[in-house]
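Contents: one structure, followed by commentary.
Since this is a predicted model, take the numbers as computed values, not measurements.
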Amino acid sequence: MRVEPHRLLVCLAAVSCGIFFCANLLASPHNPTAPQIPSNFKLDMETAARLRPELLAESVGPTGRYALGRMVFDRLLMQFPKSRPRFAWQLRIVEDGQFNAYASPDGTVYVESGLAQLAGPSAGLWAALLSHEIAHVVRRDWARRYLYQQSLESGGALTIVLGDPGFLSGSWTDSHKASGDLALFCRQMEVEADREGLMLMARSGYHPDFVPALHHLLHAQGSGTPSESLYAMHPCWEERDHELSRAYTEATIEFAHGWPEWYASPGGNPPVVVFAEVPTVKKTNSSQWQIDVPLRCQNLAGAVEVVLRAGSRQREMAPLDRLPEPADSDSELRQITGCTSPRTTITFTFADSRSARFRSPGKSTVPWTDIYVVDAWGTVLARADVPKPPR
């Protein structure tokens, strides 16, 4: 059976995979220890060399509208001293419309065109996605994953294969234990690559806030709660923000040392970042419901609009840089806020006639499903899922 080349490169920052399969690091009972990479270990580079012709044939160079990505890529690489191992650094675009990025152990970074178009003309967003991939390569995370799998096999006589994390192989003899341990190890590697990528960005002149901005944009592309699984190779977006909170602060201090005038940095001023926490739903009386949306904003000058939308949680991913028009006037509620407090709570209240959407999702009405935060131009800054109401 033919295996797609990028299936063998999973667990190396497939940034959009977390939308479908994610898990919480804090809930993990233990922290796997990464094995040391022997000095004579070459399997990662040999695998990269074998896959390289096919991967290159399925991708194109970053020219035209993707040229900014190449400029940012080159600037990030300038931060490495000459004593670093020499990789075959190259940026490639995969024209498939998907929202993914992955790196080959030899230093070739592949960005799928949906994600490349999402970064668009923003050097900071390009830096956020590329620095993460570069960190995976320099850390030799492919080798680390492979050796960790080998330790699981030798320790428990398990059969583990390299494959897509979303589709467990039938050749796993102890899928619960083996896949759970491997997935936790991969989630930890993702956060570690995030941390190192943040510092790489800061030293290169790109504000670290572009990382949560990218995460929130990717979260907004999908509708509905992601499938949480102990076997997921990526942390959930909210978990990623939590795990990186200290790293954001440290990287911001590093950035400010090099670029006291933020507007003059290669990435320009930091983006507006809105952290939308999990909304709460409650019934205030026999005929009224209330939805509370906690927000925290950074770099905001002006106001944002919080939009409560009714619709289906099932929709395919598609570029979402502007909030589309609602199906009808009864399909959304809006509020404007300056988000001036450390924690701002937006409250939506509505009478029982609207709350019927909650109680009769199988009929012609549809339930409230999404919270969007948009700027004055309608650009989506964040999204949160409306939880099911209490019974």
Side-chain angles (χ1 to χ4, degrees), residues 15-16 18-20 22 24 99 114-115 117-120 122 124-125 128-129 194 198 207-226 228 234-245 248 252 269-281 291-311 313 315 317-326 331-348 368-387:
V15 288
S16 67
I19 290 177
F20 302 109
C22 66
N24 192 322
F99 294 78
L115 183 56
Q117 292 170 28
L118 192 66
S122 171
L125 292 179
L129 71 93
D194 276 337
L198 280 166
H207 197 284
D209 279 354
F210 282 104
V211 170
L214 178 64
H215 290 176
H216 297 175
L217 281 174
L218 284 166
H219 183 202
Q221 304 310 303
S223 183
T225 303
E228 295 194 20
H234 290 75
C236 296
W237 299 120
E238 296 84 358
E239 176 68 13
R240 222 159 178 166
D241 285 341
H242 175 84
E243 289 289 322
L244 295 172
S245 57
Y248 288 142
T252 300
N269 282 322
V272 176
V273 182
V274 177
F275 295 87
E277 299 178 18
V278 178
T280 58
V281 179
I291 297 178
D292 292 326
V293 187
L295 302 176
R296 179 167 58 86
C297 302
Q298 293 177 189
N299 315 317
L300 177 62
V304 294
E305 194 165 20
V306 184
V307 184
L308 173 63
R309 275 282 176 97
R313 294 187 186 276
R315 72 172 169 83
M317 291 180 65
L320 180 63
D321 54 355
R322 297 288 189 277
L323 188 63
E325 291 296 320
S331 297
E332 69 174 27
L333 299 173
R334 290 176 173 254
Q335 286 195 47
I336 295 177
T337 178
C339 203
T340 54
S341 303
R343 187 175 185 269
T344 299
T345 300
I346 303 301
T347 299
F348 292 97
W368 300 111
T369 58
D370 299 282
I371 299 286
Y372 290 95
V373 183
V374 299
D375 63 15
W377 295 272
T379 302
V380 176
L381 302 176
R383 185 184 68 80
D385 298 299
V386 177

- Between F348 and I371, which heavy-atom pair has the shortest distance, and what is it? CE1-CD1, 4.4 Å
- Are D241 and H216 side-chain neighbours, meaning at least one heavy-atom pair lies under 4.5 Å? yes
- For residues L125 and L118, determine if any side-chain heavy atom of one lies less than 4.5 Å from a side-chain heavy atom of the other. no
- Task: Decide yes or no for L295 and V274: does some side-chain heavy atom of the first lie under 4.5 Å from some side-chain heavy atom of the second?
- Result: yes
- Message: Could you report the tightest heavy-atom contact between G338 and L300, atom names first, then the distance?
- Response: O-CD2, 3.3 Å
- Tell me, do Q298 and T252 make a side-chain contact under 4.5 Å, heavy atoms counted? no
- Item | Under 3.5 Å donor-acceptor, D385 side chain and P387 backbone | no
- Query: How about V386 and V293: do any of their side-chain heavy atoms sit closer than 4.5 Å?
  - Reply: no
- Decide side chain to side chain contact (heavy atoms under 4.5 Å, CB included) for L115 and L218; before the verdict, give the C-alpha distance in whole Å, the side-chain angles of both, and the deciding distance to 0.1 Å. CA-CA 8 Å; L115 183 56; L218 284 166; 3.9 Å; yes
- Distance, nearest 0.5 Å, that separates CZ of F275 from NE2 of H242: 12.5 Å
- Any chance you could measure L214, atom CG, to D209, atom CG, to the nearest 0.5 Å? 12.5 Å
- For R383, does its backbone N or O pair with a side-chain atom of H219 as donor and acceptor, under 3.5 Å? yes
- Message: With a 4.5 Å cut-off on side-chain heavy atoms, are R296 and R343 touching?
- Response: no
- Query: Once you round to the nearest 0.5 Å, how far does OH of Y372 lie from CG of L308?
  - Reply: 11.0 Å
- Query: If only atom types and distance count, is the side chain of N299 paired as donor or acceptor with the main-chain N or O of P271 below 3.5 Å?
  - Reply: yes
- Message: I'd like to know if the side chain of S122 and the backbone of A119 have a donor-acceptor N/O pair within less than 3.5 Å.
- Response: no
- Query: Could you state the interatomic distance from CH2 (W377) to CD (E305), rounded to the nearest 0.5 Å?
  - Reply: 13.0 Å
- Message: Would you say that V273 contacts H207 through its side chain, given a criterion of any heavy-atom pair below 4.5 Å between the two side chains?
- Response: no
- Determine yes or no for a side-chain-to-main-chain donor-acceptor pair under 3.5 angstrom, with T337 supplying the side chain and C339 the backbone. yes
- Distance in Å, I291 CD1 paired with T345 OG1, rounded so as to fall on 0.5 Å steps: 13.5 Å
- Task: Check whether any side-chain heavy atom of W368 sits under 4.5 Å from a side-chain heavy atom of L333, and report yes or no.
- Result: yes
